[in-house]
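In what follows, a structure is listed as structure tokens, so that the remarks can point back to it.
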Amino acid sequence: MIGQSLIGEVVSKQRQFFHTGATRDVSFRIEQLQNLKQAIIKYDLEITQALKADLNKPEFEVYGAELSLIFTEITDTIKHLNNWVKPQRKRLEFTFLPGSAYLYPEPLGVALIIGPWNYPFQLSLLPLVGAIAAGNCAIIKPSEIAANTSHVINKVISNIFPSEYITVVEGGVETTQELLQEKFDHIFFTGGTAVGKIIMKEAAKHLTPVTLELGGKSPCIVDTDINLEVSARRITWGKFLNAGQTCIAPDYLLVHKSIKQDLLTAIADSLKEFYGQNPINSVDYARIISQKHYTRLVNYLKGDIYLGGECDSEQLFIAPTIINNVLWQDSIMEEEIFGPILPVIEYEDINEVITAINYRPKPLALYLFTNNQDLQARILRETSSGGVCINDTIKHCGVASLPFGGVGDSGIGKYHGKASFDVFSHYKSVLKRNFVFDLKVLYPPYEGKLPMLKRLFGKK
Ligand code: NAD
């Protein structure tokens with residue numbers, strides 16, 4: 001672990017290393033990505049244990065929702081990197097001929113990656129894949145709230161990378177604030193909207209560009225033309241995965257009145273199937289990350305509790321809970337819930353749903369369950385969100401060809417796959433000319449030349 005007073009020194013050593021040019025070599029980058037994958041495989045057991053200790057994360061979810069995403073990203077990146085790094089030839093207007101135009105991707109320099117605690121391994125290392133691929137040095141600051149995972153990230157990284165290339169700085173808010181005093185070439189932050197604003201303000205002091213992967217209240221609209229059983233299963237899975245502590249979890253349900261009761265019954269059936277009669281005994285159900293978040297969530301356990309509501313502070317357990325007959329003005333509709341509590345609002349008129357969504361901060365995800373093609377088209381056209389998943393939840397974020405990120409309050413910038421490479425690259429615009437032909441008419445003195453210029457550019 002690096003002491004706080006050494007932060008400035010680490011950044012400056014990384015900058016020196018960057019200027020050696022070592023990271024510009026594409027085969028070097030590919031080798032580091034392979035090393036990263038091998039190190040994760042080597043520490044697989046410790047990673048699983050850390051995530052179990054922090055969140056009681058089931059091993060299946062450690063692999064399915066953390067490690068597999070990194071492995072896929074590494075494989076995909078290695079496969080395409082030689083193409084991504086190539087200069088892209090661009091169209092050139094005849095007035096610049098003879099010549100050629102290009103976009104040259106180049107690394108930014110030293111990046112800072114700040115991670116959250118909910119998928120603490122994946123969300124710290126997935127951006128790193130992009131940073132390495134694009135040829136940067138990087139400092140990772142994992143979340144101190146998922147302390148065990150933070151330690152194991154440090155172990156994995158320090159095992160394979162010299163600190164002047166990639167390193168981990170562990171610590172809490174003060175450590176992040178100290179890091180933010182340094183000048184970075186990019187800051188990639190995943191966390192809440194409130195902290196995102198702090199990060200952007202600090203980054204502005206150095207004019208450092210930021211990617212902000214934030215949160216928000218992602219609505220889940222369930223209209224009438226659906227397969228009830230499949231919809232219920234997919235909503236239940238997306239909401240209660242990691243005990244609801246997923247940035248793109250359906251935050252609340254908007255259900256058409258005519259099917260509400262059937263849907264709630266089907267969700268109750270899915271919950272029983274997933275976690276049994278007593279979810280506290282299920283090995284597949286996660287725990288709340290901390291006492292602070294547990295206390296925050298317990299405050300929501302009121303109103304018309306349709307299902308669940310049980311909790312245990314010693315185990316940081318909150319049962320999958322459904323709160324029925326919620327109104328837009330209820331306190332549970334103010335902030336992102338980020339826990340296993342699902343408020344249900346019923347509707348009859350989809351116009352009201354669209355208006356209500358549009359008057360709220362733009363969400364990270366929006367879910368719509370319906371086979372009605374017209375309604376699908378209308379929701380896509382008339383609402384704005386980071387991403388949309390129709391007739392399923394969460395899975396859109398696993399599609400490598402779909403950049404992932406928010407809009408408005410839910411974030412700035414997108415990553416995953418090629419988009420990650422782009423985040424950590426500067427696309428340098430390059431015009432190449434030769435000495436074959438030089439249009440002297442462009443140079444002073446200009447007398448008598450303006451009509452010709454106007455004719456050339458279509459202005460009489
Ligand atoms: P957070 O914003 O509290 O913390 C994230 C990071 O910021 C941590 O490393 C923390 O140390 C640091 N931090 C906290 N307070 C700070 C401060 N005052 N100054 C400087 N740094 C500070 O977020 P969290 O609680 O770890 O995660 C939950 C939030 O993250 C939710 O809102 C969730 O939706 C969002 N999230 C978004 C994504 C995404 O991909 N868009 C993914 C996961 C989580």
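First listed ligand is number 1; within each ligand, the first listed atom is number 1.
Taking atom 11 (O) of ligand 1 as the reference point, the nearest protein heavy-atom neighbour is Glu144 OE1, 2.6 Å. Annotation: atom 3 (O) of ligand 1 to nearest protein heavy atom, Val195 CG2, 4.0 Å. When only non-hydrogen protein atoms are considered, atom 30 (O) of ligand 1 lies nearest to Gly191 C, 2.9 Å. Atom 25 (O) of ligand 1 has its closest protein heavy atom at Trp117 NE1, 2.7 Å.
With a heavy-atom cut-off of 4.0 Å, Tyr119 does not touch ligand 1 at all. Only the backbone of Leu214 comes within 4.0 Å of ligand 1, judged by heavy-atom distances. Residue contacts with ligand 1 for Thr246 are absent, since no atom lies close enough (heavy atoms, distance under 4.0 Å).
For ligand 1, the atoms sitting less than 4.0 Å from at least one non-hydrogen atom of Thr190 are 5 (C), 37 (C), 38 (C), 39 (C), 40 (O), 42 (C), 43 (C), numbered in the order shown with element in parentheses. Atoms of ligand 1 found under 4.0 Å from any heavy atom of Thr176, numbered from 1 in the order shown, are 11 (O), 20 (C), 21 (N). Close contacts between ligand 1 and Asn118 involve ligand atoms 43 (C), 44 (C) [criterion: under 4.0 Å to a heavy atom]. Close approach of ligand 1 to Leu364 (heavy-atom distance below 4.0 Å) involves ligand atoms 41 (N). Listed by atom number, the atoms of ligand 1 under 4.0 Å from Phe338 heavy atoms are 28 (C), 31 (C), 33 (C), 34 (O). The contact set between ligand 1 and Ile114, taken as ligand atoms under 4.0 Å from a residue heavy atom, comprises 6 (C), 7 (O), 9 (O). Counting atoms of ligand 1 from 1 in the listed order, those under 4.0 Å from a heavy atom of Pro116 are 26 (O), 27 (O), 43 (C). The ligand atoms of ligand 1 that sit less than 4.0 angstrom from a heavy atom of Ser143 are 9 (O).
Distance check, rounded to the nearest 0.5 Å: CG of Asn299 to OH of Tyr294 gives 10.5 Å. In this structure, the separation between CG on Leu366 and CD1 on Ile221 is 5.0 Å, given to the nearest 0.5 Å. For the atom pair CD1 of Ile235 and CD1 of Ile394, the computed distance is 11.5 Å after rounding to the nearest 0.5 Å.
Between Glu336 and ligand 1, at least one pair of N/O atoms sits closer than 3.5 Å. Note: no N/O pair closer than 3.5 Å links Val173 and ligand 1 by distance alone.
Looking at every heavy atom in both residues, Asn82 comes nearest to Lys86 through O-CG, 3.5 Å. Minimum interatomic distance between Ile280 and Arg287 (heavy atoms only, all atoms of both residues): O-NH2, 3.0 Å. Among all heavy-atom pairs drawn from Glu182 and Val11, the shortest one is CG-CG2, 3.9 Å. A pairwise comparison of heavy atoms in Lys217 and Glu335 identifies NZ-O, 2.6 Å as the closest pair.
Salt bridge present: Arg15 and Asp185 bring a charged side-chain N and a carboxylate O closer than 4.0 Å.
Heavy atoms of Gly115 come nearer than 4.0 angstrom to ligand 1 in at least one pair.
Contact check for Leu380 versus Leu368: no side-chain heavy atoms found under the 4.5 Å cut-off.
Judged purely by atom type and a 3.5 angstrom limit, Asn358 has no side-chain atom pairing as donor or acceptor with the backbone of Thr355.
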